[in-house]
Number of protein chains: 2
Amino acid sequence: MFSKATEYALRATIYIAQRSSDENKPGMAEIAKAIDSPQSFTAKILQLLTRNNRIVSSVRGPNGGFFLTDKAKKLPVRSILEAMGEDEVLEKCVLGLKQCSEAKPCPMHTNYKLIKGQLIDLFETKSIQSLADEFENGGAKLNNRIK
Amino acid sequence: MFSKATEYALRATIYIAQRSSDENKPGMAEIAKAIDSPQSFTAKILQLLTRNNRIVSSVRGPNGGFFLTDKAKKLPVRSILEAMGEDEVLEKCVLGLKQCSEAKPCPMHTNYKLIKGQLIDLFETKSIQSLADEFENGGAKLNNRIK
DNA sequence: ATAATTAAGGACAAATTTATCCTTAATTAT
DNA sequence: ATAATTAAGGATAAATTTGTCCTTAATTAT
Ligand code: FES
Ligand code: FES
């Protein structure tokens, strides 16, 4: 559904949201290990998310790392997709027509639009914080390396 | 959601299902034009779908082209995804964990699994024929070039 | 039989995505 | 101030996806 880059972006952001505080900010090595992603590539992705502090914030130097402002934590998950330039996936025609519309629907449109609506709703309603909470409770994981 | 290759595969197969008969079998040029896809690339994709007549059948020579057997028309749309080696998209974890499961759910799992279930159901329940019917009725399109 | 037509298939090219590595800049601790 | 730490950023490479082109094989019409 999403590119690897966006998957890493989602997992990394959720991890940072849950693990960062004023005293403790996770760094690249920790994050990449926790979400099971290639470190250098994930670093590049966090650079995107950090531009203008749109989603993620960071500090350099000893004890530096990444964190989310309270404001950022309240953002809908969809804002991560937007920052990654991949949120059109939610609006796209499932058969790849140039636009998904009632006016010129593809043969799957009538059935798919219901699912599409729920997908959009999910990504717009759920906040980054709410996912971090699921992670914190211990019920949800951000990796599943075969043990 | 799907690769371009799979999008073309879906549109091409639906088009062939509706337009082919014993007397008239659409050829590559016609198909690519009708579904607004690059002809040579689409030809490669139809080669995949034609292997062992899994989904699409073909005949070479004058008045040759592509068609679907009655049996093939009854296949679920998911079988096209399978032939394209892309049906794991339906089962995948939305955050890219190696497996989507109740045992090790990601933070979106609880919400996403409902949508996922509907997606799987849609692709397993809908037949290629039923989509061809929507196209035939004229209500559904397989392209939307900006006119 | 011959020529024309059309899909099959191989080789290759372009574009995009994924990934690594190294240098620079900022910040902190000493 | 100096050294250590950590993110930012540039350059580049590898892998995958998307796409084209040309030759071959099968079939049909004449
Ligand atoms: S037009 Fe295809 S899903 Fe809406
Ligand atoms: S584990 Fe992520 S969607 Fe099921």
Side-chain angles (χ1 to χ4, degrees), chain A residues 1-13 15-16 19-20 22-33 35-68 83-86 88-89 96, chain B residues 1-13 15-16 19-20 22-33 35-68 83-86 88-89 96:
Chain A
M1 166 154 270
F2 299 119
S3 66
K4 297 225 183 237
T6 294
E7 289 174 354
Y8 300 151
L10 290 163
R11 302 215 297 274
T13 304
Y15 181 81
I16 295 165
R19 285 307 186 91
S20 68
D22 286 343
E23 315 87 55
N24 194 355
K25 304 186 206 326
M28 271 316 309
E30 177 185 344
I31 294 166
K33 197 174 177 191
I35 69 170
D36 196 22
S37 68
Q39 178 170 337
S40 297
F41 189 43
T42 309
K44 279 273 175 286
I45 291 158
L46 284 182
Q47 277 176 34
L48 292 177
L49 297 177
T50 308
R51 290 278 162 76
N52 310 115
N53 292 344
R54 290 245 351 262
I55 313 281
V56 177
S57 306
S58 66
V59 282
R60 293 198 253 200
N63 301 314
F66 298 87
F67 65 100
L68 265 75
M84 294 299 295
E86 201 165 344
E88 92 279 336
V89 174
Chain B
M1 164 153 271
F2 299 119
S3 66
K4 298 228 182 234
T6 294
E7 289 173 355
Y8 300 152
L10 290 163
R11 301 215 298 273
T13 305
Y15 182 81
I16 294 165
R19 286 306 187 91
S20 68
D22 286 344
E23 315 86 54
N24 194 356
K25 304 186 205 328
M28 271 316 309
E30 176 185 344
I31 294 167
K33 197 175 176 190
I35 70 170
D36 196 21
S37 68
Q39 178 170 337
S40 296
F41 189 44
T42 309
K44 279 272 176 288
I45 291 158
L46 283 182
Q47 277 176 34
L48 292 178
L49 297 177
T50 307
R51 290 278 163 76
N52 310 115
N53 292 345
R54 291 244 352 261
I55 313 280
V56 176
S57 306
S58 66
V59 283
R60 294 197 254 200
N63 302 314
F66 298 87
F67 65 100
L68 264 75
M84 294 299 295
E86 201 166 344
E88 92 280 334
V89 175

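Note that this is a predicted model, so its numbers are computed, not measured. Keep in mind that the numbers below use all heavy atoms, side chains included, and drop hydrogens, waters and symmetry copies. Numbered from 1 within each chain, the chains take letters A, B, ... in sequence-line order.
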Legend entry - For Ser20(B), all residues meeting side-chain contact (heavy atoms from CB on, under 4.5 Å), sequence neighbours excluded: Ile16(B), Pro26(B), Phe67(B)
Inset, instruction - Take Val59(A) and Gly61(B), find for each the nucleotide of DNA chain C with the closest heavy atom, and name the residue whose nucleotide sits nearer the 5' end. - result: Gly61(B)
Inset, instruction - Hey, could you give me the CD1/CD distance between Ile45(A) and Glu7(A), rounded to the nearest 0.5 Å? - result: 10.0 Å
Legend entry - Ile55(A) to Ala83(A) - nearest heavy-atom pair and separation: CG1-CB, 3.9 Å
Legend entry - Stem regions touching DNA chain D, defined by at least 3 consecutive Watson-Crick or wobble G-U pairs below 3.5 angstrom: C:1-30 with D:1-30
Inset, instruction - May I have the step-by-step check of side-chain contact (heavy atoms from CB on, under 4.5 Å) for Leu49(A) and Met84(A), ending in yes or no? - result: CA-CA 8 Å; Leu49(A) 297 177; Met84(A) 294 299 295; 4.1 Å; yes
Inset, instruction - With sequence neighbours left out, write down each residue that passes side-chain hydrogen bond (donor to acceptor under 3.5 Å, both in side chains) with Ser40(A), or none if nothing qualifies. - result: none
Legend entry - Separation of Leu46(A) CG from Phe66(A) CZ (nearest 0.5 Å): 4.5 Å
Inset, instruction - Treat primed atoms plus P, OP1 and OP2 as sugar-phosphate and everything else as base, then score nucleotides 13-21 of chain C 5' to 3': B for base contact with protein heavy atoms under 4.0 Å, S for sugar-phosphate contact only, - for none. - result: -----BBBB
Legend entry - Taking every non-hydrogen atom, the tightest pair across Glu86(A) and Met1(A): OE2-O, 4.2 Å
Legend entry - Where chain B begins and ends its contact with DNA chain D, read 5' to 3' at 4.0 Å from heavy atoms: dT18(D) to dA29(D)
Inset, instruction - To the nearest 0.5 angstrom, please state how far the OH atom of Tyr8(A) sits from the NZ atom of Lys44(A). - result: 15.0 Å
Legend entry - Ala43(A): side-chain contact (heavy atoms from CB on, under 4.5 Å) partners, not counting sequence neighbours: Met28(A)
Inset, instruction - Grab the two heavy atoms, one from Thr42(A) and one from Ala12(A), that are nearest each other, plus how far apart they are. - result: CG2-CB, 4.5 Å
